[in-house]
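Let me begin by presenting the structure, written as structure tokens, before commenting on it.
The structure displayed is predicted, hence computed values, not measured ones.
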Amino acid sequence: MKTVLDLDANAAKKFFLTNENYFTGDLPPYFQFNDIIKETENILQNNKFLQIYDRKPQDVSNINYEIIINKNGEYDWRKLTIINPVLYVNLVNCICSVDAWEKICDRFKEFKADDHIVCSSIPVVKGIRKRQKAQQISNWLTEFEQDSVKQSLVFSHMVCTDIVNCYSSIYTHSIAWALHGEEIAKNNKHDMSFLGNVIDSCVRDLSYNQTNGIPQGSVLMDFIAEIVLGYIDTLILKKLKQQHIEEYKILRYRDDYRIFTNNPKDSETILKIINDICQHMGLRLNIQKTFATDKIISKAVKKDRFEFPINFAQPNYKLFLQLYKMSEDQQNAGALQSLLSILNQKIKLTKKDKLELLISVMTDIAYNVPKVIPQAFTTISHILRKEPREVQLEHIAKIRYKFSKKAYTSFVHIWLQRLSVNIDNGIEYEPDICKKIKDETVELWNFGWLKKEFLDRLKACGIVNTYKLRHAKLPIESKETNIFEYN
């Protein structure tokens, strides 16, 4: 597949500045950032970054907008960041100048020079009819999972591991190490003629000058993570050469590693080397998710691929219960998303269906696996459409109450608002992004550090597409929440 590294500097800039790549979290389609990104582009095209602010962004807190999402229905949360548009566009400009982009692409050629380690997670360029997320998942399937299966023909042993909280643990100074080499970067850490130092400074602009962690939630940050992880690959390769280990293969997808060998001792040595290098870079392997196996195919392929097929022709209640059973197994979150997306294209309610019963089951699925909230709420929207307005509002209130028992429910509120926005637009939801529906003056980002003329221009840019908002009726269209197109 074509990746961002196959683009020239100008095309790469356009790629990073698209609405879909600016924020990769799931939002209703009436939230769009094109206008504010475009206005920021215009401002920075005619003014140097240093000329547009009164205070350094590194001295300002709460500069971005954050959405915290529950990952597994229990105590595992992920923070997704909608980066301040000014800082985002400035960082894209720094990376995608012709000279900088050429240096970065040349560095990645060095990262990929030895095919003992293969990285499958460089951001891919979507096809004409595919969503960006769908293209990236397809890349995971074809270049990571299927390549893992192929290794069973050559190797007898596999070790899987990943990095704990990778993005939030990345040391920003390591970006310069990755681009220039650690010794050179440390000897020139204040020299802003070094691209790595410029990127490091731009990333610290996003987080109150902190050096630990990069925001998660954009393709740009995925790419910056790949710069650091690609450098780690080269350090691993160098160490393995020194150890005279040659019969192995490592597949990496972002911070997930699969190590293939014919000798368990070699696997242990490689795992130790990866662990030591990660620790040197301020990262740590996830011991709970590290395991060794000689059953490569069964462990390399996601468990849901071996599950029994779902019969969409059976009565809705039985079908919903099957999906509920899947929701109890967190490993099936990806498959559950896909199956719910298929259901949303096929669902037909009959007079025999007890609608409240179906809503109860589907709400519990969303409660167990928050990742599928957009798809589950789409299913619920099909059911609500059959009810009178007062009953619709009762169900929405019950769903809201159920989720109120959980911490960090802003993601739920965003999609509850999508359910209710054209039933009763007066329902108040807590997240600021929800308040933008009725009041575009609500501020998501801290722009107080900008000079007034630029601040006023950005405040005039809305993020709510009023046409799409007016047409956000029930049911939620499957294309709003489907990752893939299904036949």
*asked:* If I compare all heavy atoms of A9 with all of V98, which pair ends up nearest, and what's the gap?
replied: CB-CA, 3.9 Å
*Using a strict 4.0 Å threshold on nitrogen-to-oxygen distance, state whether E428 and K438 make a salt bridge.*
yes
*Which residues share a salt bridge (Lys or Arg N to Asp or Glu O under 4.0 Å) with R204, sequence neighbours left out*: D200
*Check whether the ring centres of Y53 and F49 lie less than 6.0 Å apart, and answer yes or no.*
yes
_pair L285-V164: side-chain heavy atoms closer than 4.5 Å_ = no
*Give a yes or no answer on whether the side chain of N19 reaches the backbone of F33 with a donor-acceptor pair at less than 3.5 Å.*
yes
*Please report the shortest heavy-atom distance between A335 and M326, naming the atom on each side.*
CB-CE, 4.0 Å
*Nearest 0.5 Å, what's the CG-CZ distance between L416 and R400?*
7.5 Å
*Hey, does the side chain of S207 reach the backbone of N209 with a donor-acceptor pair shorter than 3.5 angstrom?*
no
*Is a donor on one side and an acceptor on the other found under 3.5 Å between the side chain of R284 and the backbone of Q279?*
no
*Between F111 and Y231, how do the two ring planes meet: parallel, tilted or perpendicular, split at 30° and 60°?*
tilted
_Less than 6.0 angstrom separating the ring centers of Y248 and H116, yes or no?_
yes
*Spacing of S168 atom OG and I214 atom CD1 [to the nearest 0.5 Å]*: 9.5 Å
*Can you measure from CG (L336) to CD (E328) and round to the nearest 0.5 angstrom?*
11.5 Å
*Is the shortest distance from a Lys or Arg side-chain nitrogen in K103 or D106 to a carboxylate oxygen in the other one below 4.0 Å?*
no
*Quick one: pull up CH2 in W101 and CD1 in I104 and give me the separation to the nearest 0.5 Å.*
6.0 Å
*Spacing of I270 atom CD1 and T161 atom OG1 [to the nearest 0.5 Å]*: 13.0 Å
*asked:* Quick check on K56: does its NZ atom have over 12 non-hydrogen neighbours (other residues, nucleotides or ligands) under 6.0 Å away?
replied: no
_H173/K189 under side-chain contact (heavy atoms from CB on, under 4.5 Å): CA gap, chis, key distance, verdict_ = CA-CA 8 Å; H173 292 340; K189 60 183 178 182; over 6 Å; no
*Parallel, tilted or perpendicular for Y429 and H413, by the 30°/60° rule?*
perpendicular
*Return yes if some donor-acceptor pair links the side-chain N/O of E110 with the main-chain N/O of R107 below 3.5 Å, else return no.*
no
*Return yes if some donor-acceptor pair links the side-chain N/O of S201 with the main-chain N/O of N197 below 3.5 Å, else return no.*
no
_Run the side-chain contact (heavy atoms from CB on, under 4.5 Å) test on I232 and Y257 for me, step by step, so that the C-alpha distance in whole Å, both residues' side-chain angles and the decisive distance to 0.1 Å come before the verdict._
CA-CA 12 Å; I232 290 174; Y257 294 85; 4.0 Å; yes
*Does Y88 have its ring centroid less than 6.0 Å away from the ring centroid of Y22?*
yes
_NZ/K2: more than 12 non-hydrogen atoms of other groups inside 6.0 Å_ = no
*State whether R252 and E226 are salt-bridged, where the test is any N-O pair (Lys NZ or Arg NE/NH1/NH2 against Asp/Glu carboxylate O) under 4.0 Å.*
yes
*Checking K436 against F31: charged group under 6.0 Å from the ring centre and within 45 degrees of the axis?*
no
*Roughly how far, to the nearest 0.5 Å, is the CG atom of N62 from the CG atom of L444?*
12.5 Å
*Any donor-acceptor pair under 3.5 Å linking the side chain of N187 with the backbone of E183?*
yes
*Given I163 and S169, is the side-chain contact (heavy atoms from CB on, under 4.5 Å) satisfied, shown in steps?*
CA-CA 9 Å; I163 297 171; S169 302; 5.8 Å; no
_Aromatic contact between F403 and F411, with the criterion being ring centroids under 6.0 Å apart: yes or no?_
no
*Heavy-atom neighbours of E246 CD exceed 12 at 6.0 Å*: no
_Side-chain touch F15/T3, heavy atoms, less than 4.5 angstrom_ = no
*Would K186 and E182 pass as an ion pair if we require N to O under 4.0 Å?*
yes
*Could you walk me through whether M158 and Q151 pass the side-chain contact (heavy atoms from CB on, under 4.5 Å) check?*
CA-CA 9 Å; M158 178 178 74; Q151 300 308 317; over 6 Å; no
_Under a 3.5 Å threshold, yes or no: a donor from one side chain and an acceptor from the other, between T261 and N263?_
no
*Do L206 and I83 have side chains that get closer than 4.5 Å, going by heavy atoms?*
yes
*Does the side chain of F155 come within less than 4.5 Å of K150's, by heavy atoms?*
no
*Any side-chain heavy-atom pair from S148 and F260 closer than 4.5 angstrom?*
yes
*Over 60° means perpendicular and under 30° means parallel, so classify the ring planes of W445 and F447, tilted if in between.*
tilted
*Do the side chain of S97 and the main chain of A100 share a donor and acceptor less than 3.5 angstrom apart?*
yes
*Would you check, one step at a time, whether the test side-chain hydrogen bond (donor to acceptor under 3.5 Å, both in side chains) holds for T18 with N21?*
CA-CA 5 Å; T18 59; N21 292 335; 3.1 Å; yes
_Basic-acidic side-chain contact under 4.0 Å: E480, R418_ = yes
*Do the side-chain N and O atoms of Y167 and D222 include a donor-acceptor pair separated by under 3.5 angstrom?*
yes
_Shortest non-hydrogen separation from G25 to L80 and the atoms involved_ = CA-CD1, 4.1 Å
*Count the heavy atoms of every other residue, nucleotide or ligand shown that sit under 6.0 Å from CG of N42, and state whether that count exceeds 12.*
yes
*Which of these passes side-chain contact (heavy atoms from CB on, under 4.5 Å) with V203: V198, T211, L91?*
L91
_Check: I433 and I82 side chains under 4.5 Å, non-hydrogen atoms_ = yes
*asked:* I'd like to know if the side chain of T481 and the backbone of Q375 have a donor-acceptor N/O pair within less than 3.5 Å.
replied: no
*Shortest non-hydrogen contact from Q417 toward Y30*: C-OH, 4.1 Å
_I'd like to check the salt bridge (Lys or Arg N to Asp or Glu O under 4.0 Å) partners of E41; sequence neighbours left out, ordered by chain and number._
none
_Has N84 got a side-chain atom pairing as donor or acceptor with I63's backbone, closer than 3.5 angstrom?_
yes
*Look only at the side chain of E440 and the backbone of I463, and say whether a donor-acceptor pair between them is shorter than 3.5 Å.*
yes
*Do you know which two heavy atoms are closest between F144 and D256, and how far apart they sit?*
CZ-O, 4.0 Å
*Any side-chain heavy atom of L7 within less than 4.5 Å of one from K14?*
no
_Side chain to side chain, Q216 and T81, heavy atoms closer than 4.5 Å_ = no
_Check ion pair E268-K265 (N to O, under 4.0 angstrom)_ = no
*Should K435 and E430 be marked as a salt bridge (charged side-chain N to carboxylate O under 4.0 Å, His left out) after you check the CA-CA gap, both sets of side-chain angles, and the distance that decides it?*
CA-CA 7 Å; K435 295 174 183 175; E430 295 171 12; over 6 Å; no
